Amino acid sequence: MFKLIWETLAQRPFRLLLAIILFSISLTIVNFAIFTKNAFASKQETLISDATYFVDIDFSEGFGELYENPNGEELLKQMYIKLKNNDTFRYYEFYKQFLYILNYSGPSVFKYGYEEGMEAEDVEFGNNGNNILASPIKSVQVSNNCFARFNLELHSGRHFNSNDFDYDDKKQIPVIMGYEYKDHFNIGQELECIYIAKKFQLVIIGFLEKDSYIKAGNSNPLYLDMYIVMPSINCNYKPLNYEEKLFQIRHYANKTGGFLEVGKDLSVSYVKLILDNISSECSLRKYDILGQNVIIFDLFAVSTKQMWNAIVILGSFLLLISSIILIIILIRTVSRNIPAYCGYLLSGAKLITIKICILSEIALIIVLSNIISFLLLFAVYGNVYTYNIFAVLISALNLIITSFITIKILNKSSLSSYMGRQQ
Amino acid sequence: MLIHLKNIYKSYNFKRQKINVLNDVNMMVEKGDRVAIMGKSGSGKTTLLNIIGGLDFPDSGQYWFEEKLISFKSQSEISEFRRKKIGFIPQGFSLIDYKSTYFNIALPLKFRNYSKNDIERRVLSVAHELEINKLLDKSPRQLSVGECQRVAIARAIITSPILILADEPTSSLDKETEMVILKLFDKLQSEGTTIITVTHDFEVASKCRRVLTLVNGVVKNFSINS
């Protein structure tokens, strides 16, 4: 019987292949569209369930012109205070600024650009004729409220306290190291670093828990395992020289380039207006909004949702059409093959064997199409749940309808009446 | 007695109307007999032949073959009956057109699990007898109507059945081919094979010992050929 099934299938391989390809494509489109639509909907739900969203702001283009302003650093300090004390949003200082660690003895893996395959080179800093080698090490600067907001837990040591954020020119700066540092450095160990061209004394006060990360809204999470977490310090003193002034300007430009957490009821344009007002009050250029991870999504949400709905409808329509085409192809094949089936019947085949052959062909096309579609989607998404029950139901319905019609065509009296009505 | 049909009725539904095709058909055929079934188109000739061949089933009535009642309810029994006893030459040949002529002729032997060598020997012998030995590699699509008919006949006789049922075996053939086939039937009959032929052709019917005439599904005459 298997030989007979194979012979039936091999009879028109091109047609069989075409039917499988057509049905697979339709199933894949429908599954893809449904999965994406559902993923979109669930993402939206997640976002809607959050009461707030994050706005990433930046002043990197504006600080250069402050160097020659006698109050340059003061303007930025005012800006910082206004951001910190604003009632409309909550302000988080969180920015990446690598540190040059002097006489660094740890592994290269912590160096800036190492993971990206673009490891920054060590540099020499002059020190009264004795040059010291300094290695650029990944570091983030954070405000104290980041720890609670992003659930940053310690593996060992202590958290920052409010005093750790206040810096006078002489004080050591406490740092918390990422989890991966724990095998290379110790609590209490001191480091010397250059942060924005200014030398600092650091002291390690703890290590973060493994896989600690900061994730503002839908932005990619930043894992801190290989970072030095440094407090975003407040310089509560006037710069005594030009270098110190430049440092404070650049540092406060960083400090004011953090994240705003805004209530969902406020639009980005409204937040931008407030931000512009603050910067204007501080006689500063306007701040840029680098990304508002929710709002961009929201702005396109309606059109995207409609687009996916349209794709689902289109995919379903395509599936319907391909189902009809498949049914027609199979029925036509069966009808065309009736003389051959009669030939088998007259040669001694059982009618049930012929029926099984035909059903096998139908089942093979449908099952194979589903498998191909499933594998395609799995290859793309790596998720077995990409495959939708709707596609399976449509396939099953196809199988039932086609089988019913073809068996109806094939019943014994149809075959015998065929033999009587030829010529 | 080879065949005994008793009170056979058969009807079909056509456009929600019941059409009686066979009405109380009674028929007895002896072993080695040669019978022609005649009648106008639609008189039920092919239906009767299909019932005798186990390809169709009667609504009521009884069918004995070699004194044994045929049960149309069991598919495996009826297909075994067809496989073992019947050689069928249908009107439209019913050849598998995507296979070779050789395959078509050999198929009944394959269903009977003959060895490859036996199949080859028998196919070549029958093909030689029917003068189609040069056509064995060809597909039925490449053959003429007469050649297809010979292939269908070869397929029917390859298993040496005790009953050959032929539906209009010469209707589309030229005179020369018709003569070849009638001679073959003569030979088969002389060897003891029973042949039942549906035909419109009086010349074919004249070769038969008995002629059964059907009119609207009713047997009007079943006489010995004069």
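The model shown is predicted, which means the values in this text are computed figures rather than measured ones. Chain A is the first sequence line, chain B the second, and so forth, proteins listed ahead of strands; every chain is numbered from 1.
- Between B/Phe111 and A/Ser347 the shortest heavy-atom distance is CD1-O, 3.4 Å.
- Residue B/Asn216 places its CG atom among 12 or fewer non-hydrogen atoms of other residues, nucleotides or ligands, all under 6.0 Å distant.
- At least one donor-acceptor pair under 3.5 Å links the side chain of B/Arg82 to the backbone N or O of A/Ala349.
- In this structure, A/Lys350 and B/Ser79 approach most closely via the heavy-atom pair CG-OG, 3.1 Å.
- For B/Ser41, no part sits under 4.5 Å from any heavy atom of chain A, backbone or side chain.
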Take B/Leu107 and A/Leu346, measure what side chain to side chain contact (heavy atoms under 4.5 Å, CB included) needs, and give me the verdict at the end.
-> CA-CA 9 Å; B/Leu107 193 58; A/Leu346 296 175; over 6 Å; no
